[in-house]
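Data first, discussion second: the structure below is written as structure tokens.
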Amino acid sequence: MPDIPKVYAPESIEPRWARYWVDQKLYRPLDDASGPTFSLSLPPPNITGSLHMGHMLEHTEIDILMRWHRMRGQNVLWLPGMDHASISTQMIVERELGREALPDLEGPGARRAWQREGQRRRLEMGPEKFLERCWQWKEQNGDTIRRQMERMGASVDWTRARFTMDPAYSRAVIEVFVRLFEQGLIYRGQYIVNWCPRCGTAVSDLEVSHEDRAGHLWYIRYPFEDGKGHIVVATTRPETMLGDTAVAVNPADNRYRDVIGRKVVLPLLNRVIPVIGDEFVDPNFGTGAVKVTPAHDPNDFAIGMRHNLPRITVIDFQAQMTADAGPYAGLSREQAREAVVRDLGAAGLLEKTEDYKLSVSICERCKTVVEPLLSMQWFLKMQPLATPAIRAVEDGRIRIIPENSRKVYLDWMYRIHDWCISRQLWWGHRIPAWHCEACGEVVVARETPSACSKCKGSSLRQGPDVLDTWFSSGLWPFATLGWPEQTEDLRRFYPNDLMIMGFDILFFWAARMIMLGLKFTDNIPFRELYIHALVRDADRQKMSKTKGNVIDPIEITEKYGTDAVRFALASSAAPGTDIAFSDDKAESYRAFANKIWNAGRFILMNLGNLPEPARRHLGAALEPIPGIGYDALPAMRSLEFGVRSSEFTQSLESKAPGSDQLRTEGLRTEKLLVDRWIFSRLATVTREMNEALAGYRFHEAAYTIYHFFWHELCDWYLEWVKPEITRPSEEPKASAAAINLARVFEAALHLLHPFMPFITEELWHQLPRSGDARSISLTRFELVNPRAADPVSEKQYATIQELIVAARNIKAEMGLQKEKPSAQVASEDTRLLELFRSHQEAILRLAGLEALNFVRGRMPADASPVPLASGCDLRLFYERAIDPVAERARIERDLAKMKQQLEQIERQLANESFRSRAPQEVVAGAERRRAEITDRLERLGQSLSQL
RNA sequence: GGGCGGUUAGCUCAGUUGGUCAGAGCGUCUGCCUUACAAGCAGAAGGUCAUCCGUUCGAGCCGGAUACCGCCCACCA
């Protein structure tokens, strides 16, 4: 076979098809507005870098579903795009600037140093130049990402690609902001926010992670102003005491009832502050008295509001002590802590110090300890938006899969807090708010306002803040379709049918899309939300650059082929379970691809050998009959090649499938058992895959087709029909066999295509056909007539398989692999013997036997037969002296197993309540099994006694 | 502090509604270069389904408890 290489080389075909799919714009939905649609907007990857394995899993899962839906006749829109990723991109571009300035740095500290230097250079170069660099970065990485996606075979519509900072998209962002502001849902104010002193910006609660650290609980004495004693407060952050403006106790706490209203002197600074009563204080914690620092703690801020306390900021945006910190001004917060503790100790005001495990807030980006600081920010009220978003999920308009994510979503939504949406960054959507330099008024507008709405002053300056990146991504499902214009796309493809994302952005993104979608389109953004797994390394560790266990999708793809990696991911993608990915998996599915390749190679090779009339017929035979699909062709005595192909095929297939009885005579005019069997399996496999994919059980669908292709189609069907295929003759039988094989193979390619788009596209194009040959991805998924399902054939074929396997088994155990012994099969069941006899040729060939003869009734007493489940005994004739000890051991092992099963069944059947309560079919099944086992046991015992 | 998930063959994991479900891949062992494929073919070994108690005629599958492991959320100083 000169043309098709023996070893599948994915690199030689994958890039070609990737290019082809893009160039042909195959995945642009039809303009025809009438048919059913299926839409999904790709979670836009951040332009911060290239795609990782998590993306590859996500894109693979989406692509499988998109190709599947497309092949089921839906008009599919998969809209791709990218996210500007405000804070992440800004940090990365800064780091690049730093790296350029300090190219010789290396080692663990380099990143941090580059970041620091880059930030300095950013401030030096100013926004205009810096943003230019960001755009350059976007162009470069956007290209990389796009190339990666193409290479992975993502069947997206590139003509509709979007970027969250496209002019049109930005207009939608502004529109949303202005409307929310106008409706009073966005407000501006001084509140405690999470401030990252390194990033120099506020971040939302979600961008803060918590880390348990060993710390201390310091007990500090605050003397009463009147000199009569002191009150002890416990704190983990002594440096913040410099900003204390009260001490609080619980009014219900008897210990402190009479101190409320008295005054204490704040140590070190000697400020006189009140003791107040507030329900918030937990009497059981520490001493039951707490210092109150309204400017540096959200709880204290709330207490301060209730009691009208002053707010004294003692830590600034750089996390240094301010002038209000008195003698500690200019120290870092860490230095200040040390100094404060030292000075308190020296003053005798430190009662005790305990070890204490506390949870510190860390900036998710840079791992710096976040400082709760008072600052002027923009907030979005969540309650009014959350309520409909809760309802949409509770009433099932939006379905979240797996189910437990739904609960997590709801729990979070019920306890939602207002969202700080402003960021002190440069890269992102500028907040459309202008400050009047004359009167200080803040004007929110879609366009730059010409005059202040309050004082009519004309000197207005836009605030520097940008929006949290998730504010703009929250609009993704509708802003990508042209909102706020009422576009045709919006009408056809919104709501999206599906959204797929990782669990980590359920709150960041899914929640916001649902809230904003409902708010602005009066409709849900998507009907189903599937939460996919995390890709971990072979040891179930999270992949991370610092651990050095990151697998690069392109690298692994080049090594094993895209199809193999996709299949490896899909086959591990059980909903709700993380994926331990390893080279081993990719390797084993590369073997699968190779298997497919060689099966195709074999089939194509032999189709080429077909007699000319049959070959002419083949192209038409590989066009499924509309509305019916493929079915097995009967092994006709003569094919009438004269008639038009389509009529011919139809005349053959008009007969109801599965209707023919197995008979030994006349087989040539009827469908062969092996054909009925494989088409039946194909019908079943198709159904099972549809069910699995509908439930996002990728692993099940993958396993189903894998097993079918390899262990049924290749191991059995192909081997069975080999003689018909490889010995070309003018015999019509051979032609029918070739057509059936080609049909089965093609149908299997269709089922495989969503998982392995490249190899299936390649092989599909090599099959002869007369219809539309643009792409397998535009053909039907289900190619086989569902009515081909035929349990009787499946059972009969299984019986033959059992016989063959048993014979091979005996041969292997007896060391007879190289020989071709004769065999004998005995049974009372003449129909069984007839079944074997009529398929004798294949049985002999596949089992490696010389001859098979049949005994009606029992096996002769001198034989040592192996009983089969189908109710017959098999024996092989061979010269070799058997080892009676080993043979006895083997039989006894079988015997023991059987006995155990029998006991179990008998116990069950003896149980009256089982008989009365279990469904009849279960009872009947148990009885049938008992009979089978008893029979087999008896025959096994006989074998043993012969030894 | 709350919530969630896991514990099944040497390893990595499947097992949707309780009744041939005790499975797959990899690994191991045996024999084969059988003219599609050695990235292959044909066989084999290997598991009290974490532990205990319950529900049921019947439980990896449902309920409860325990022991490890992991994750998420949280404004208790």
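Reminder, nothing fancy here: chain letters follow the sequence lines and each chain counts from 1. Only this structure's heavy atoms are used, side chains among them; waters, hydrogens and symmetry mates stay out.
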*Starting from Watson-Crick (N1-N3 plus N6-O4 or O6-N4) and G-U wobble pairs under 3.5 Å, report the runs of at least three that RNA chain B belongs to.*
B:1-7 with B:67-73, B:10-13 with B:23-26, B:28-32 with B:40-44, B:50-54 with B:62-66
*Look at the side-chain N and O atoms of A/Arg929 and state whether any lies under 4.0 Å from the OP1 or OP2 oxygen of B/U20.*
no
*Conformer about C1'-N of B/G47 - syn within 90° of 0, anti elsewhere*: anti
*Within less than 4.0 Å of OP1 or OP2 of B/A77, is there a side-chain N or O belonging to A/Lys291?*
no
*What residues form a ring-ring contact (aromatic ring centres under 6.0 Å, His included) with A/Tyr219, not counting sequence neighbours?*
none
*Just call it for A/Trp710: base, sugar-phosphate, or nothing, with non-hydrogen atoms closer than 4.0 Å on any strand.*
sugar-phosphate
*asked:* Under the rule for ring-ring contact (aromatic ring centres under 6.0 Å, His included), what residues qualify as partners of A/Phe507, not counting sequence neighbours?
replied: A/Trp412
*Describe the nucleic acid contact of A/Ala580 in one word from base, sugar-phosphate, nothing, applying a heavy-atom distance below 4.0 Å.*
sugar-phosphate
*Base of B/U48 relative to its sugar, syn (within 90° of 0) or anti?*
syn
*Sequence neighbours left out, what passes side chain to side chain contact (heavy atoms under 4.5 Å, CB included) with A/Ala742? Give chain and number order.*
A/Leu607, A/Leu622
_A/Lys407 vs A/Asp411, salt bridge (Lys or Arg N to Asp or Glu O under 4.0 Å): CA-CA, chis, key distance, verdict_ = CA-CA 6 Å; A/Lys407 195 170 170 300; A/Asp411 286 350; 3.7 Å; yes
*Under the ring-ring contact (aromatic ring centres under 6.0 Å, His included) test, which residues partner A/His216, sequence neighbours left out?*
A/Trp218
*Can you name the ring-ring contact (aromatic ring centres under 6.0 Å, His included) partners of A/Phe755, sequence neighbours left out?*
A/Phe567
*Between the base of B/C37 and the side chain of A/Lys595, is there a donor-acceptor distance below 3.5 Å?*
yes
Distances under 3.5 Å between nitrogen or oxygen atoms of protein and nucleotides 58-62 of chain B:
none

*Residue list, side chain to side chain donor-acceptor pair (under 3.5 Å) with A/Asn299, at least two apart or on another chain*: none
_Contact list please: residues 238-250 of chain A against RNA chain B, heavy atoms, distance less than 4.0 Å, in numerical order._
none
*In residues 712-720 of chain A, which residues come under 4.0 Å of RNA chain B by heavy atom?*
A/Cys714, A/Asp715, A/Leu718, A/Glu719
*Indicate whether OP1 or OP2 belonging to B/C76 is found under 4.0 Å from a side-chain N or O atom of A/Asn299.*
no
*Where along residues 406-420 of chain A does a heavy atom fall under 4.0 Å from RNA chain B?*
A/Lys407, A/Arg415, A/His417
*asked:* I need the single residue from A/Phe581, A/Tyr8, A/Tyr706, A/Tyr703 that forms a ring-ring contact (aromatic ring centres under 6.0 Å, His included) with A/Tyr589. Which is it?
replied: A/Tyr706
*Which of residues 280-288 of chain A have a heavy atom under 4.0 Å from RNA chain B?*
A/Phe280, A/Val281, A/Asp282, A/Phe285
